[in-house]
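Each chain gets a letter, A, B and so on, in the order the sequences are listed, and its residues count up from 1. Being a predicted model, the structure only gives us computed values, none of them experimental.
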Protein chains: 2
Amino acid sequence: MSDTHDHDPGEKYGGQLHGPTSVRMWLRMLSCTMVIEKRLRRRFIDQYKTTLPRFDVLAALDRRAEGMTMGDLSQMLLVSNGNVTAIVRQLQESGFVAVEAAEHDRRSLIATLTPKGTTHFAELAVAHHHWIEEMLGDVPEEVLQQLFDRLATVKTSIAAKGTQ
Amino acid sequence: MSDTHDHDPGEKYGGQLHGPTSVRMWLRMLSCTMVIEKRLRRRFIDQYKTTLPRFDVLAALDRRAEGMTMGDLSQMLLVSNGNVTAIVRQLQESGFVAVEAAEHDRRSLIATLTPKGTTHFAELAVAHHHWIEEMLGDVPEEVLQQLFDRLATVKTSIAAKGTQ
DNA sequence: AAATTATGCTTTAGGTATAAAGCATCTTGA
DNA sequence: TCAAGATGCTTTATACCTAAAGCATAATTT
């Protein structure tokens with residue numbers, strides 16, 4: 001039996017009511033993101049025997065028919081190089097991804113989707129969209145759009161603060 | 001040298017422009033959350049030799065002077081029981097948390113903050129707030145408040161969709 | 001009250017993440 | 001040209017997280 005909880009936890013640290021708006025907003029956003037992400041992971045495993053990181057790699061490659069280097073994937077997905085190595089190897093073993101040395105630089109490896117990988121990703125992407133639309137189904141389109149717009153400000157702010 | 005990236009990645013899957021608003025909003029929210037969370041983890045390690053999960057436990061206990069059972073912590077923090085066991089043991093070894101058997105049910109263990117733990121958490125909390133306020137410093141108060149309000153709708157929607 | 005089931009927690013095995021070191025290749029500059 | 005450093009990736013050690021099994025204690029059923 002499962003040992004992990006997946007119900008509404010309230011905000012982490014418990015429905016925080018005090019403190020600056022930035023902190024309250026962060027805790028609420030974190031809470032929402034964690035719940036959604038956990039459900040997505042669960043469904044990927046249960047229904048497709050795959051993982052969110054593998055899906056992320058497939059999605060990145062699907063957008064670039066010409067392929068991507070391991071480093072490109074690492075940067076785009078915000079995971080370590082070593083991690084990309086492992087995920088791509090799995091996808092390669094499953095026949096979803098092909099890897100070949102770059103012509104211009106023999107250190108680089110370029111990963112591309114195989115036809116099988118493209119088909120597989122298409123199926124996953126449909127399910128992924130469906131799950132998200134279902135979870136956010138009660139949020140009015142207008143609110144989603146406002147969130148999307150305001151999150152752009154957040155994105156800009158954290159980008160401006162550099163990596164440190 | 002570090003091997004992990006921490007700069008603006010654009011949205012995951014690369015600045016998605018198409019698809020339903022719910023999916024676009026989710027990808028943007030996920031991206032923002034991941035960047036902020038990674039930075040927080042990094043700073044906790046670098047500046048305080050601690051981790052976000054340990055901070056989360058301390059924060060939960062700080063709000064409840066009477067203490068919490070391991071199960072309560074697991075539910076509130078959305079992590080497995082086994083994980084709580086490990087984190088609490090670490091905090092116990094550091095002298096920040098005390099654990100004793102519950103009177104009413106000898107299976108239960110109740111964790112409480114020690115005075116040392118309370119002091120330690122206070123220091124961490126100040127830094128934590130400071131980091132968040134800094135990262136979100138360019139987001140106007142008004143936008144933060146709007147995000148906070150609209151995220152309540154998201155929270156409600158995902159809660160309504162149950163755990164499945 | 002005994003047997004069964006449920007609950008609270010820990011342990012274990014396995015997957016996944018990072019950081020740091022290592023290897024190969026490329027680039028730079030004297 | 002060739003030494004020194006930078007770059008792309010992999011490997012290794014370590015940490016953390018989950019699921020599932022296991023153990024002890026409570027609650028329930030008969």
**Message:** From the set C:dA24, C:dA6, C:dT10, return the single nucleotide nearest to any side-chain atom of B:Arg107.
**Reply:** C:dA6

**Item:** Minimum side-chain heavy-atom gap B:Pro53-B:Arg41 below 4.5 Å
**Value:** yes

**Asked** Do A:Thr33 and B:Glu37 have side chains that get closer than 4.5 Å, going by heavy atoms?
**Response** no

**Message:** Between A:Arg28 and B:Leu147, is there a side-chain heavy-atom distance shorter than 4.5 Å?
**Reply:** no

**Message:** Rounding to an integer number of Å, can you tell me how far A:Asp105 CG sits from C:dC23 C1'?
**Reply:** 14 Å

**Request:** Write down the distance between CZ (A:Arg41) and P (C:dT16), rounded to a whole number of angstrom.
**Result:** 10 Å

**Item:** Under-4.0 Å salt bridge between B:Glu134 and B:Arg43
**Value:** yes

**Request:** Mind checking salt bridge (charged side-chain N to carboxylate O under 4.0 Å, His left out) for B:Asp105 and listing every partner two or more places apart, or none if nothing turns up?
**Result:** B:Arg107

**Fill in**
Per the under-4.0 Å heavy-atom filter, residues of residues 86-96 of chain B near DNA chain C come out as B:Arg89

**A:Arg54, nearest nucleotide to its side chain (from D:dT10, C:dT16, D:dT25)** = C:dT16

**Prompt:** In whole Å, what is the span from the CG atom of B:Asp56 to the P atom of D:dC16?
**Reply:** 13 Å

**Message:** Using whole Å, what does the distance between atom C1' of nucleotide D:dA15 and atom CD1 of B:Ile45 come to?
**Reply:** 9 Å

**Complete:** Whole-Å distance, B:Asp46 CG to C:dT18 C1', equals 13 Å

**Prompt:** Could you state the CD-C1' distance from A:Gln75 to D:dC9, rounded to the nearest angstrom?
**Reply:** 14 Å

**Message:** On the nucleotide D:dA24, are OP1 or OP2 found under 4.0 Å from the side-chain N or O atoms that B:Arg106 carries?
**Reply:** no

**A:Ser108 side chain near D:dT7 phosphate (N/O to OP1/OP2, under 4.0 Å)** = no

**Prompt:** Looking only at atom types and distance, does a side-chain atom of B:Thr156 sit under 3.5 Å from a main-chain N or O of B:Ala152, one as donor and one as acceptor?
**Reply:** yes

Quiz: residues 83-97 of chain B side-chain donor-acceptor pairs under 3.5 angstrom, not counting sequence neighbours:
residue: B:Thr85; atom: OG1; partner: B:Asn81; partner atom: O; Å: 3.1
residue: B:Gln90; atom: OE1; partner: B:Arg54; partner atom: NH1; Å: 2.4
residue: B:Ser94; atom: OG; partner: B:Gln90; partner atom: O; Å: 3.1

**Prompt:** So does B:Lys38 get a side-chain nitrogen or oxygen closer than 4.0 Å to the phosphate oxygens (OP1/OP2) of C:dA17?
**Reply:** no

**Message:** So, does B:Asn81 get its side chain near the phosphate of C:dC9, meaning an N or O under 4.0 Å from OP1 or OP2?
**Reply:** no

**Request:** Send over the distance from A:Asn83 CG to C:dA17 C1', rounded to a whole Å.
**Result:** 6 Å

**Atom-pair distance (CD on B:Glu37; P on C:dA17), nearest Å** = 13 Å

